[in-house]
There are 2 protein chains.
Amino acid sequence: MEASVTPKTARGEATRRAILSAAEDVIGMRGFNDASITDITREAGCAQGTFYIYFKSKDEVFAELVVEMGRLLRHALSEATEAAPDRLSAEKEGLRGFLTFVIAHPNLYRIIQEALFVNPDAYRAYFQTFADGYREALAAADAGGEIRPGDPDVRAWMLMGIAKTLGERAVVWGDETPIDDVVEAAHDMIVNGLKR
Amino acid sequence: MEASVTPKTARGEATRRAILSAAEDVIGMRGFNDASITDITREAGCAQGTFYIYFKSKDEVFAELVVEMGRLLRHALSEATEAAPDRLSAEKEGLRGFLTFVIAHPNLYRIIQEALFVNPDAYRAYFQTFADGYREALAAADAGGEIRPGDPDVRAWMLMGIAKTLGERAVVWGDETPIDDVVEAAHDMIVNGLKR
DNA sequence: ATCCAATATGACACATGGTTCATGTTTCAT
DNA sequence: ATGAAACATGAACCATGTGTCATATTGGAT
């Protein structure tokens with residue numbers, strides 16, 4: 001297992017990007033095990049050996065995709081919720097932002113779900129970040145009297161579960177209900193479940 | 001691919017069971033791709049060839065495990081909820097029953113989650129059954145004025161997502177919070193989210 | 001007791017696909 | 001222009017593991 005290399009050149013940078021992007025498509029579509037390096041490099045338009053210039057292994061490129069998903073999603077969520085005046089509207093905008101993101105990035109979404117089996121450590125790291133942030137936000141809202149008192153940890157997982165499953169309904173099951181309709185319906189239950 | 005055979009003898013029946021049970025353990029622990037037929041038959045205490053007497057392929061035994069999980073879980077849930085006088089208490093007892101079941105059958109639980117990638121059709125069939133039943137139960141409770149009016153489909157998915165994620169928290173993340181505490185905390189949010 | 005279908009064996013044929021490597025090409029600083 | 005580092009190639013190596021098959025054993029029905 002050779003050490004992977006970081007590109008020193010615009011050309012190398014472009015190739016690395018092409019491989020990473022191809023990996024996202026191919027692994028997202030076919031799943032980790034059915035996605036071969038041959039498939040990925042064919043999609044990227046380079047030779048198989050080129051893959052190993054930039055990535056140590058198939059597992060490494062997968063791990064990088066998980067990290068990328070986390071980064072992109074955190075960014076999307078903080079943008080979506082930054083203007084929210086209180087916790088309950090942050091919930092609404094966060095859910096809308098999440099669903100919008102996963103519908104725009106179905107391959108990354110499937111990769112995250114598969115990470116539980118392909119790379120549990122990456123999965124944990126990804127999920128733990130969101131769980132921690134969520135719990136703190138809920139604990140703060142509780143302490144500030146914004147919402148009903150209640151276990152912030154269990155609530156954080158419930159809300160993540162709601163988002164995750166509604167995302168799966170859209171991405172995996174191809175449900176076509178408009179995002180805003182789903183958000184309204186879900187938020188009704190969430191807001192009543194959490195409000196004082 | 002030879003046709004698989006149904007046992008005609010108590011001996012054959014026992015062997016088939018041993019293989020299925022070993023497959024549950026090994027696939028649940030190591031994941032589908034890292035679980036080899038050799039691992040499964042070693043665990044079952046028979047030769048590799050014996051596997052192919054009773055199962056056409058590794059995929060077939062996996063599919064059967066998904067079906068078994070569905071059967072066992074439906075049974076557990078109907079037992080857990082049969083005495084519930086109304087929808088909201090059915091939710092509470094259903095959640096308790098679900099968590100109790102998955103904690104008792106962590107391997108089957110992981111297999112279901114992996115089915116999305118290993119055998120999407122089996123995953124859909126499993127999930128659709130629960131989604132349909134759930135939606136109908138919620139629609140009936142809504143029509144009967146038992147709960148707040150609202151989209152039964154979105155709600156069904158939200159509630160499944162809550163259960164699924166809390167199950168994952170326990171099984172995959174090893175959270176040790178007592179089931180009853182989790183149920184109480186979750187039910188507070190659910191009942192307020194749904195009640196009139 | 002005998003026989004035959006059912007059950008069991010485990011070595012091996014075979015396909016797959018990740019990874020390596022010796023070699024070739026491109027880029028760019030000097 | 002030139003040399004060296006970066007980049008690219010793809011055939012082949014090699015490990016892995018599924019599924020097959022010729023053969024052996026078991027056990028119950030007659």
task: Rounded off to whole Å, could you give me the NZ-to-C1' distance for the A:Lys58 and C:dT16 pair?
output: 11 Å
message: Between P on D:dG19 and CD1 on B:Ile19, what's the gap in Å once rounded to a whole number?
response: 14 Å
- prompt: Reading nucleotides 7-14 of chain D from the 5' end, what letters show protein touch, with B for base, S for backbone sugar-phosphate only, - for no heavy atom under 4.0 Å?
  reply: SBBB----
- prompt: Is it true that B:Glu184 and B:Lys92 make a salt bridge, defined as a side-chain N closer than 4.0 Å to a carboxylate O?
  reply: yes
query: Between A:Tyr123 and A:Phe127, how do the two ring planes meet: parallel, tilted or perpendicular, split at 30° and 60°?
result: parallel
- prompt: Going by heavy atoms closer than 4.0 Å, what residues in residues 22-39 of chain A are next to DNA chain C?
  reply: A:Ala35, A:Ser36, A:Ile37
Residues A:Lys164, A:Glu168: salt bridge by 4.0 Å N-O rule: no
- prompt: Are the ring centres of A:Tyr134 and A:Phe130 closer than 6.0 Å?
  reply: no
message: So that I can tick it off, tell me whether B:Asp142 and B:Arg87 are bridged by a salt bridge, with the cut-off set at under 4.0 angstrom between side-chain N and carboxylate O.
response: no
field: Atom pair distance, as rounded to whole Å: CZ in B:Phe62 and C1' in D:dT18
entry: 17 Å
message: Strictly below 4.0 Å, N to O, side chains only: are A:Arg17 and A:Glu13 in salt-bridge contact?
response: yes
- request: Could you tell me whether the phosphate oxygens of C:dT20, OP1 or OP2, come under 4.0 Å of any side-chain nitrogen or oxygen in A:Tyr52?
  value: no
Give the table of side-chain donor-acceptor pairs shorter than 3.5 Å for residues 62-73 of chain A, with sequence neighbours excluded, one pair per line with atom names and distance.
| residue | atom | partner | partner atom | Å |
| --- | --- | --- | --- | --- |
| A:Glu64 | OE1 | A:Arg16 | NH2 | 3.1 |
| A:Glu64 | OE2 | A:Arg16 | NH2 | 2.2 |

field: Non-hydrogen side-chain atoms of A:Ile162 and B:Trp157 separated by less than 4.5 Å
entry: no
